[in-house]
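Only one structure is covered here, and it is reproduced in the block below.
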Amino acid sequence: MSTFKPLKTLASRRQVLKAGLAALTLSGISTATAAKEAPLKTSNSHSKPAAKKPGAKRVVVLDPGHGGIDTGAIGHNGSKEKHVVLAIAKNVRAILQRNGIDARLTRTGDTFIPLYDRVEIAHKHGADLFMSIHADGFTNPSAAGASVFALSNRGASSAMAKYLSERENAVDQLAGKKALDKDHLLQQVLFDLVQTDTIKNSLTLGSHILKKIKPVHRLHSRNTEQAAFVVLKSPSVPSVLVETSFITNPGEEKLLGTAAFRQKIANAIASGIISYFHWFDNQKAHVKRR
């Protein structure tokens with residue numbers, strides 16, 4: 001039986017190790033150079049917002065929070081957030097449409113939509129503005145009033161903002177791993193100059209909405225709050241989340257159950273959006289005159 005003999009042309013073990021180390025070093029240099037030269041990507045794997053035709057109507061995508069298997073917060077008397085906010089969103093849509101704005105809903109019925117897909121819908125519709133509408137809950141039933149939130153890249157602006165953002169961001173756990181994997185992409189968004197400008201516009205939008213809500217309903221926070229809401233993470237579309245009231249507050253649950261209040265809060269939200277667009281147009285005109 002023959003025995004295995006190494007070929008004479010085979011390099012010594014020491015030479016092989018040296019060659020291997022040299023190859024790894026060159027490979028590392030090559031990879032580092034490639035990484036350095038490659039442009040930074042600021043995409044979060046979403047499609048880019050659809051291009052707008054000259055003279056096209058402004059598009060506002062309204063997102064009634066929750067839906068389907070996700071009921072959202074539930075009031076003491078059994079009111080479900082998902083139903084209340086859909087009714088309010090439909091009212092806002094009708095008002096905006098009467099004012100020449102193309103308003104669309106992420107959902108028109110009792111259906112569940114993952115957070116990532118809600119942002120994607122705004123992009124596919126070429127949204128000029130995105131708004132998620134809620135009537136959330138808190139552990140303390142005395143919590144009351146309306147709030148508006150924009151995205152933050154530095155952490156939550158208050159304990160309440162942190163609590164609500166964590167609560168809202170967790171809803172996709174109901175949809176399983178696939179939805180959570182998509183949300184993870186949004187967590188990796190790189191904040192470039194474009195997104196910084198988007199957040200500034202979102203904060204301004206929030207201030208316009210709060211100004212219109214203040215005369216008709218109590219404010220929980222007088223300023224636009226900020227937190228890392230997944231649903232607000234569009235790099236280029238100004239986005240806010242509006243908490244119309246706390247459905248876990250008995251008094252506000254009762255209000256939210258009336259058509260009159262839902263119409264009143266919808267009027268305020270729509271007026272805030274229209275006011276923001278007027279401000280935005282004035283800003284653009286001012287820049288052109290310079």
**OP:** For side chain to side chain contact (heavy atoms under 4.5 Å, CB included), just list the numbers for Leu256 and Lys254, CA-CA rounded to whole Å, side-chain angles, deciding distance to a tenth of an Å, and then say yes or no.
**Re:** CA-CA 6 Å; Leu256 288 165; Lys254 188 175 180 180; over 6 Å; no
**OP:** Determine whether the side chains of Glu225 and Ser147 contain a donor N or O and an acceptor N or O closer than 3.5 Å.
**Re:**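 On atom types as modelled, these side chains do not qualify, holding no pair under 3.5 Å.
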Original post:
Looking just at side-chain N and O atoms, do Ser221 and Asn223 make a donor-acceptor pair shorter than 3.5 Å?
Top reply: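 The answer is no; no qualifying pair exists.
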Would you say [X]'s side chain and [Y]'s backbone share a donor-acceptor pair under 3.5 angstrom?
X: Asp63; Y: Gly65; value: no
X: Ser271; Y: Asn267; value: yes
X: Glu81; Y: Gly72; value: no
X: Asp128; Y: Val59; value: yes
X: Thr204; Y: Lys200; value: yes
X: Ser79; Y: Gly75; value: no
X: Arg118; Y: Ile113; value: yes
X: Arg262; Y: Leu255; value: no
X: Glu252; Y: Ile247; value: no
X: Gln226; Y: Phe149; value: no

For the hydrophobic clusters of this structure (ILVMFWY residues joined by side-chain heavy atoms under 4.5 Å, transitively), does one cluster hold both [X] and [Y]?
X: Leu210; Y: Ile265; result: yes
X: Val242; Y: Val84; result: yes
X: Phe112; Y: Leu62; result: no

Is there a side-chain contact between [X] and [Y] in this structure, where contact means two heavy atoms from C-beta onward sitting under 4.5 Å apart?
X: Asn249; Y: Pro141; answer: no
X: Ile101; Y: Lys57; answer: no
X: Gln263; Y: Ile95; answer: yes
X: Leu129; Y: Val61; answer: no
X: Ser239; Y: Leu151; answer: no
X: Asn91; Y: Arg93; answer: no
X: Leu232; Y: Leu241; answer: yes
X: His220; Y: Phe138; answer: no

Subject >> Stepwise side chain to side chain contact (heavy atoms under 4.5 Å, CB included) check, Ile274 with Leu96 >> reply: CA-CA 8 Å; Ile274 294 166; Leu96 291 177; 4.1 Å; yes
Can you name the closest pair of heavy atoms from [X] and [Y] and give their distance?
X: Ala73; Y: Ala135; result: CB-O, 4.2 Å
X: Ile209; Y: Ile273; result: CG1-N, 4.5 Å
X: Thr248; Y: Gly137; result: OG1-CA, 3.2 Å

Original post:
Which distance, rounded to the nearest 0.5 Å, do you find between the NZ of Lys233 and the CD1 of Ile199?
Top reply: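 So the gap between those two atoms works out to 9.5 Å.
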**OP:** Could you please spell out the steps behind the side chain to side chain contact (heavy atoms under 4.5 Å, CB included) verdict for Thr198 and Val237?
**Re:** CA-CA 6 Å; Thr198 301; Val237 180; 5.6 Å; no
Subject >> Candidate list Asp110, Thr71, Asp70, test side-chain hydrogen bond (donor to acceptor under 3.5 Å, both in side chains), partner Lys82, passing option >> reply: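 Of Asp110, Thr71, Asp70, side-chain hydrogen bond (donor to acceptor under 3.5 Å, both in side chains) with Lys82 is met by Asp110 alone.
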Original post:
What orientation do His208 and Tyr276 show, parallel under 30°, tilted 30 to 60°, or perpendicular over 60°?
Top reply: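 His208 and Tyr276: perpendicular rings.
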Subject >> side chain to side chain contact (heavy atoms under 4.5 Å, CB included) assessment of Phe261 paired with Ser245 >> reply: CA-CA 11 Å; Phe261 178 78; Ser245 292; 3.6 Å; yes
Original post:
With ring centroids as reference points, do Phe130 and His123 lie under 6.0 angstrom apart?
Top reply: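 Ring centres of His123 and Phe130 not closer than 6.0 Å.
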**OP:** Enumerate the residue pairs fulfilling ring-ring contact (aromatic ring centres under 6.0 Å, His included) with a member in residues 59-95, sequence neighbours excluded, ordered by first and then second residue.
**Re:**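 As it turns out, the ring-ring contact (aromatic ring centres under 6.0 Å, His included) pairs with a partner in residues 59-95, which skip direct neighbours, are His66-His134.
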